[in-house]
2 protein chains.
Amino acid sequence: MKHRDKEMGRSTLGIGALSERSGVNIETIRYYERIGIMPEPPRTAGGQRVYDAGHLGRLVFIRRSRELGFSLDEIRTLLHLADGGDYSCGQVHEMTLAHIADIRRKIADLRRMERVLREMAANCAGGEMPECPILEALSA
Amino acid sequence: MKHRDKEMGRSTLGIGALSERSGVNIETIRYYERIGIMPEPPRTAGGQRVYDAGHLGRLVFIRRSRELGFSLDEIRTLLHLADGGDYSCGQVHEMTLAHIADIRRKIADLRRMERVLREMAANCAGGEMPECPILEALSA
DNA sequence: CTTGAAGCTGTAGCCGCTACAGCTCCCACC
DNA sequence: GGTGGGAGCTGTAGCGGCTACAGCTTCAAG
């Protein structure tokens, strides 16, 4: 039996199990606690962290939000809204729309980069000649 | 007369003028020197850096490469190829293509994010209801 | 009871800057 | 020739979001 709870009652998790189930690195979990977006969990007599399903949910929330490109600061706000219970769904909706606009800007930037690079690469045969049109283009 | 060269002979630049003409922050120029992608320039008797047109060209090269999303490490390689003079244009071409592939991956990632966020936002009226479908979706 | 994995704290490093503090230097003007 | 003040100097610390250690302690299976 590897679990500390003997499969009875609500399951509790060590940090390793939490990491595995949430998909978040152990070091990162402790980091999240340090910066205050994960709560300080109870500890065993010996000082080891003990988590429950609530912690797991919160951590998954954070991971999925990160995957969608929210900053930890934005996530902190989202969590705060959720924690308070008194959030208006409208605020969350608004943040999401703002974030979508952000992402669109980034995509536009990257597309511009790609176009310029494609043009440069197209002018460059890639042979052995000493003057490279790509380098020329960049220093001009 | 603000310039130190009296408009005769090749013009030399202080770090401030170099910054202005290259579009690169003064602090950043010194940083580039520290990490070795800009050479240590000659100094005045008093210890101030003195630049010339060559430095300006190199710095513009770096800035434009950064704008196109190359990392300083990639730029270091590009500069090394250019410095050696013995680069094959093919290597530059290859790096550029790899970088384009990188950018495409990033664009694809961002598009996925945007799609997911749009779907979540669409399910969210944004009203005052206590349960927010966006938050639900993220913790599930 | 032993042993080895898991967990603990605290610190330093990554990238690409940016921002200071607390100096020194340069040079235009009087 | 003096002086005032802007420009430049070095060195260090901070940002975000982790990651990687070193050097311990604790836990649980056998």
Side-chain angles (χ1 to χ4, degrees), chain A residues 1-7 12-38 40-51 55 59 61-79 99 102 106, chain B residues 1-7 12-38 40-51 55 59 61-79 99 102 106:
Chain A
M1 190 103 313
K2 259 204 161 217
H3 308 298
R4 67 183 74 225
D5 58 319
K6 304 171 171 92
E7 303 279 323
T12 62
L13 306 159
I15 198 169
L18 183 69
S19 167
E20 225 167 284
R21 295 211 199 174
S22 65
V24 176
N25 201 309
I26 290 181
E27 318 271 18
T28 306
I29 294 172
R30 286 196 286 245
Y31 169 71
Y32 287 164
E33 181 182 328
R34 211 162 57 240
I35 63 168
I37 68 177
M38 281 296 286
E40 291 184 25
R43 305 272 190 139
T44 64
Q48 306 201 187
R49 290 167 179 83
V50 181
Y51 296 98
H55 292 104
L59 205 45
F61 180 97
I62 296 170
R63 177 176 56 73
R64 291 175 56 74
S65 302
R66 288 291 301 133
E67 282 168 3
L68 290 172
F70 285 102
S71 71
L72 289 180
D73 232 45
E74 287 170 322
I75 293 172
R76 200 192 303 276
T77 305
L78 288 173
L79 285 168
H99 188 57
D102 243 43
K106 277 179 196 149
Chain B
M1 192 106 310
K2 260 206 158 204
H3 308 299
R4 68 183 69 221
D5 59 319
K6 301 168 174 96
E7 303 280 321
T12 63
L13 305 160
I15 198 169
L18 183 69
S19 167
E20 226 167 282
R21 294 210 199 174
S22 65
V24 176
N25 202 310
I26 291 181
E27 318 271 19
T28 306
I29 294 172
R30 287 195 285 246
Y31 169 71
Y32 286 165
E33 182 182 327
R34 211 162 56 239
I35 64 169
I37 68 177
M38 281 296 285
E40 292 184 23
R43 304 271 189 140
T44 64
Q48 307 202 188
R49 290 167 178 83
V50 180
Y51 296 98
H55 293 105
L59 205 44
F61 179 97
I62 296 170
R63 178 176 55 74
R64 290 175 55 75
S65 303
R66 288 291 301 134
E67 283 168 4
L68 290 171
F70 285 101
S71 71
L72 288 180
D73 232 43
E74 287 170 321
I75 293 172
R76 201 192 302 275
T77 305
L78 288 173
L79 285 168
H99 188 56
D102 242 43
K106 276 179 197 151

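Lettering follows sequence order; numbering is per chain, from 1. Nothing here was measured: the structure is a model prediction, and the numbers come from that model.
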Length of the CD1-C1' vector between B/I29 and C/dG16, whole Å = 15 Å
task = Take the protein atom CD1 of B/I26 and the nucleotide atom C1' of C/dC17, then report the distance between them rounded to whole Å.
result = 15 Å
key: For B/F70, all residues meeting ring pair (Phe, Tyr, Trp, His ring centres under 6.0 Å), sequence neighbours excluded   = B/H99
query = Quick one: does A/Y51's side chain get under 4.5 Å of A/L59's, heavy atoms only?
reply = no
task = Apply salt bridge (Lys or Arg N to Asp or Glu O under 4.0 Å) to B/R76 and list each qualifying residue two or more places apart in sequence or on a separate chain.
result = B/D73
note = DNA chain D nearest-nucleotide lookup for A/A45 and B/R43: closer to the 5′ end is B/R43
ask   = Who passes side chain to side chain contact (heavy atoms under 4.5 Å, CB included) against B/R34, sequence neighbours left out?
value = B/Y31
inquiry  = Using modelled atom types and a 3.5 Å cut-off, is there a donor and acceptor pairing between side-chain atoms of A/S19 and backbone atoms of A/V24?
reply    = yes
message = Based on the rotation axes of five pairs at each end, what angle does the helix from C/dC1-D/dG30 to C/dC30-D/dG1 bend through, to 10°?
response = 10°
remark   = Expected string for nucleotides 16-23 of chain D under the B/S/- scheme (protein heavy atoms, under 4.0 Å, primed atoms plus P, OP1, OP2 as sugar-phosphate) is -BBSBB--
task = Could you list the residues that satisfy salt bridge (Lys or Arg N to Asp or Glu O under 4.0 Å) with B/E67, not counting sequence neighbours?
result = B/R63
task = To the nearest Å, give me how far apart CD (B/E20) and P (D/dG6) are.
result = 16 Å
remark   = Whole-Å distance, B/Y51 OH to D/dC9 C1', equals 11 Å
Contacts of type side chain to side chain donor-acceptor pair (under 3.5 Å), residue A/E20, not counting sequence neighbours = none
request  = With sequence neighbours left out, write down each residue that passes salt bridge (Lys or Arg N to Asp or Glu O under 4.0 Å) with A/R30, or none if nothing qualifies.
outcome  = A/E27
